[in-house]
Each structure stands twice: as structure tokens, then as C-alpha cells.
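A quick write-up on the structure given underneath.
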Amino acid sequence: MEITMTKVKDKKSIDLDKVEQQSSTDGAKIAIKDVKVWYGDFMAIKGIDMNIKPNTVTAFIGPSGCGKSTFLRLFNRMNDYVDGFKMEGKIKLNGTNIYKKKVNVEELRKEVGMVFQKPNPFPKSIFENVAYGLKIQGIKDKKFINERVEKALKQADLWDEVKDNLKKSALALSGGQQQRLCIARTLAVEPSIILMDEPTSALDPISTAKIEDLIFELKEKYTIVIVTHNMQQASRISDYTAFFYLGELIEFDKTKTIFTNPEKQQTENYITGRFG
Amino acid sequence: MNSIQKNRLKDQLFKIWGIACTLFGLVLLTVFIGDILIDGIRRIDWAFITDLPSRKAEKSGIYTALMGSIWILILTTIISFPIGVAAGVYLEEYSKKNRLSALLEINISNLAGVPSIIYGLLGLEVFVRIMSLGASVLAGALTLSLLILPIIIVATREAIKAVPKSIRDASYALGASKWQTIWNQVLPASGGGILTGVILALSRAVGETAPLIVVGALAYVPFAPSNPMDEFSVLPIQIFNWISRPQHGFIENAAAAIIILLLITFVMNGIAVYFRNKWQKKWK
């Protein structure tokens, strides 16, 4: 496993690949240590360690019910409201455990944005959708909000399509546009991490391609973690891939390795479509 | 006859039965309204609305009762709307789902079914006697507020339940607090349903007679109330009073007052429907 690599002291003797892996543990954006999750009596996550590097795209794959969405939602504490949710272990974001008592969940979510499976714009205008995250922070400076909204819509590659109709209801947009609006809404808050829970599963292939292009561009500035059921998507867009099964992390490695030369038989069976 | 034909026949029979049932209600309502209109429509003029009550039927008006009803309506709204909506929001959004909240839920639903005269007795004891508000508009409005609170709470909860979870998720994920999410997303989204519930509850309050009689509303008040502590009458009590008089003139008055009361409830229900449709359009 990668973690053992960090214990190598003699730097001259290790190759470039190992240097990269060493930094993955030290400079991890998100460091997950022995995390277990229960819903009532049901154990959904059975002890997972993982380090997610900054400015990478990490894909979570695995059959339905394997715990990948639950795991993703730990990073912005969206499971907190679920009845019977209980969690053990540590998740460190930039070195701070986000499950400490003192942590302000609202602040955390400004740092860790989320895009959901189905586009879920607010039933308000396009502008208000993007400005919402800023307004709830108490920002009233109109010029500042206008600039941020424009920037976010440009980043989400939606500006040209909506710039003349910012007052129009967001619900009048197509599904793909709505999802890009949801991404813009997340970007407007300027998080450093973006979580995506099957963001293209409700979209047609063309809209999906646009979102994938977008993810590719966004990783320059953001750390992206994406849950997907689409193997091709995972292999196209991600740098790292994690395979989950029945609440356990079976394998986590570079996407290329996972898809060409996986270590575990289970992983190979899944990505080749023999089960799941 | 094979089974498909049999099913079709059953389908037809049920349809006819359904139409008959619907017509039964409609016919009764039409006969009732027609009868009232024939008796009362000639009596309605501006003077009927602005005149004070009198011993002579043809000189009597509904001014004091109408003003009493409006006072009651406004005060009841001011009292019951914030309390009912806040209680509904609390129960739906904040209270933990346990046995106590289940018990509370059943009780609130039960309260909606308690006969209104019981509320009158409660109002008489608590507001009129213990709080010594006397037979005032305020005591009446407080009593009616108790009566319609369960309806408002249930309506508020249903409306809030109908707000999709995805909207809350989106709001939380952007860093909104619970209150910000409720205030900026949940309440605007459920506003139509809440308003509909409140207006329907209020239109019930306007038609209530029994609890107000118990609280001490008078059948004859020479002046319209000018502050919340004044004595008062309301339209249903005025109608009740006129109907119990032997002279034919008063029967006409009663019919005319019923038309006005029906008009008020009709307009209120209309507003409720309008809000519901407007909100639904915005949301779908």
C-alpha cells in the first residue's frame, strides 16, 4: 500500500513515482483514517483509509449500495441529518478533523461544495440560484455578487447561453443546463473541493460530455471527487479510482492501473462487467 | 358475457353511481342557495349593510355584525397565523421523531375534530374569566384561534412535507444553516399550501357561532366594536337571532345576511384557490 512508502527515509534511493506517493500522504487534501459508518444497526462503511490529493479527480465506483455515496457525503457532512447516522474515525481536510465538535458545518460546506445526482436548481431565477450561496453569507455588495455570478457561470460554461436571461426561471433550462447551473452555484461560493454524486446519470450523452469537459477544466483549481456508475466516465475523467464493495474499499490506485492492471480479482470482475 | 365485458360493465356502473352521488350534493346546494336567494336577494342594498340593527325588520342592517365579523377575522388571523405556522415548522423541521412527537401529532389531529362548543367553554373559562377579558372581541378571537390552530398546523406540516428533499440538500450543501434553508427555500416553496390552509381555516372561523355564543357574543349590539376589548356580535349570531324571530321581515333579513356570509366565505375560498394555483405554476 502507498502508506508504507512514506516511511522510506532515504530519499535518494526512491524513484519519482514514490516521491509522488509520499507527497500524497503528507500533502493530502482529504485524509481519511479508519472511518466507519452506521445507519442504525446497519454498518454502511466498514473501516476505510484513503488520501485524496489536491487538484486531482478521484472517481468512486462500485455496485449500488456499496457505500460510495455515503462515503462521499461524509466529506461535507451531509449525512448528519440522516436518522440513525453514526460515524467513527477521522476525516482531515487540510489537516483539520472535520468531525471535531468545534467544527462549523456551514463553514465546512463553503469549502466543500456538492453537485447532486439530479439537477436541483432552486425555483428562482438563474441569477438568484448562483447568488444564493453568497447571499446566505450576508454579502450585500451588488457589484461583488454580479461579478461572482458572472465568473461562476463562465467557469461552468453556461454564461453564453444564459447571459441575456439571467432573470429567467432556472426551471426553464434544459436538464444539462440545470446541472451546469448547479455547478456554477457551487463554484460561486469558491470552495476548494467539489463533490459530485453521479452528476451525469440523469443527462443525455451530449450534456454528459459537456460536464465531463468541465470537470477536466475545473481540476486545475479544485479537488474533485465524483461518484459514478459509468466505467467509461471514470476512466475518461479521473486520475485516481476507488472501488468500493459492501462498505469496504477494495482497491484504490491510479485510474490507469485500476482499469488496466488491477491488483484484486474483484475489481477486475467489476470493471469488466462480470458482476455488479 | 366474458370477464372483459363484466369489468367494463362494473366500470360503467361505478361511474353512474359516482355521478349520482356528486349530483346529490350539488342539487341540495343549489336548492339551498336558490331558496336563500329568493328570500333574501331583494333585501340586500347598501343600507342593509350600513344600518345598525333595529327592532323593525325593514330598518335593520348588519353593520355591527359585519364589523364584528371583520374584527374577529383580523384578530384571529393575527393570533393564529404566526403561532400555527411556527408550530407546524417546529414539528416538521426541528422536533425529534420519537414517541412524544407521535403523541403530539395524534393529539393535534384529534383537536381538529373536537366540537367547536368545547372550545367555546374553554375560551369562556380561560379568556373571559381567568384572564378577565370579558365578552370582548379579543376573547372571541382567541377562542376561535384555538379552534383553527390545529387545522393551520396540520396544513403547514403537509405543505412543508411536500417540499422536495433535493431543494433542502442544495441549500445545505451551499453552506446555509437550518433556519436559512427554512426561511429562504422551504417556506417560499410551501407558502401556497400554508396560505391555502390558513385561509380555509379562517373561512371556517368566520362561520362559527357556537363558541362565540358561549364566550358571550351578543345578538344585539348597538355599536360596531372600536377596540379589541369591545363587546361584539358576528354575522352567524345575527342570522341565528333573526331566524328565531316570528316576523316574516326578519326571515328575509336572515336570508340576506346568509348571502353576505356565503359571499365572504366564497371570496376567501377563491383567494385560497388562486394562491394554490399561482404557487403550483411557479413550482412545476
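Order of the sequence lines sets the chain letters (A, B, ...), proteins ahead of strands, with each chain counted from 1.
Closest of all the heavy-atom pairs between B/N184 and A/I136 is ND2-CG2, 3.9 Å. For A/Y132 against B/T181, the heavy-atom pair with the smallest separation is OH-CA, 4.2 Å. The two residues B/D169 and A/M78 make their nearest non-hydrogen contact at O-CE, 3.4 Å.
For chain A, the option among B/A173, B/S177, B/A176 with the highest count of heavy-atom pairs below 4.5 Å is B/A173. For the options A/K135, A/E107, A/E106, heavy-atom pairs under 4.5 Å to chain B are most numerous at A/E106. Chosen from A/E111, A/Q117, A/K110, A/R185, the residue pairing most often with chain B at heavy-atom distances under 4.5 Å is A/R185.
Residue B/L23 places its CG atom among more than 12 non-hydrogen atoms of other residues, nucleotides or ligands, all under 6.0 Å distant. Within a 6.0 Å radius of CG in A/D41, other residues, nucleotides and ligands contribute 12 heavy atoms or fewer. The environment of A/K90 atom NZ is sparse: at most 12 non-hydrogen atoms of other residues, nucleotides or ligands sit within 6.0 angstrom. Within a 6.0 Å radius of OH in B/Y274, no more than 12 heavy atoms belonging to other residues, nucleotides or ligands are found. B/F24 CZ: 12 or fewer foreign heavy atoms inside a 6.0 Å radius. The local environment of NZ in B/K178 is crowded, with over 12 non-hydrogen atoms from other residues, nucleotides or ligands closer than 6.0 Å. More than 12 non-hydrogen atoms from other residues, nucleotides or ligands lie less than 6.0 angstrom from NZ of B/K161. Residue B/L26 qualifies as enclosed at atom CG: its count of foreign heavy atoms under 6.0 Å is above 12.
Under the 4.5 Å side-chain criterion, counting only non-hydrogen atoms from C-beta, B/I167 is in contact with A/P123. By the 4.5 Å heavy-atom criterion applied to side chains, B/Q185 and A/K124 are counted as neighbours.
Rounding to the nearest 0.5 Å places CG of B/L174 at 11.5 Å from CE of A/M114. Here the straight-line distance linking atom CZ of B/R168 with atom CG of A/N120 works out to 13.0 Å at 0.5 Å rounding.
Within the 4.5 angstrom heavy-atom criterion, only side-chain atoms of A/F116, from C-beta onward, approach chain B. Heavy atoms of A/P121 lying under 4.5 Å from chain B belong exclusively to its backbone. Of the two parts of A/R77, neither the backbone nor the side chain holds a non-hydrogen atom closer than 4.5 Å to a non-hydrogen atom of chain B. No part of A/V115 comes within reach of chain B, as not one of its non-hydrogen atoms sits under 4.5 angstrom from that chain.
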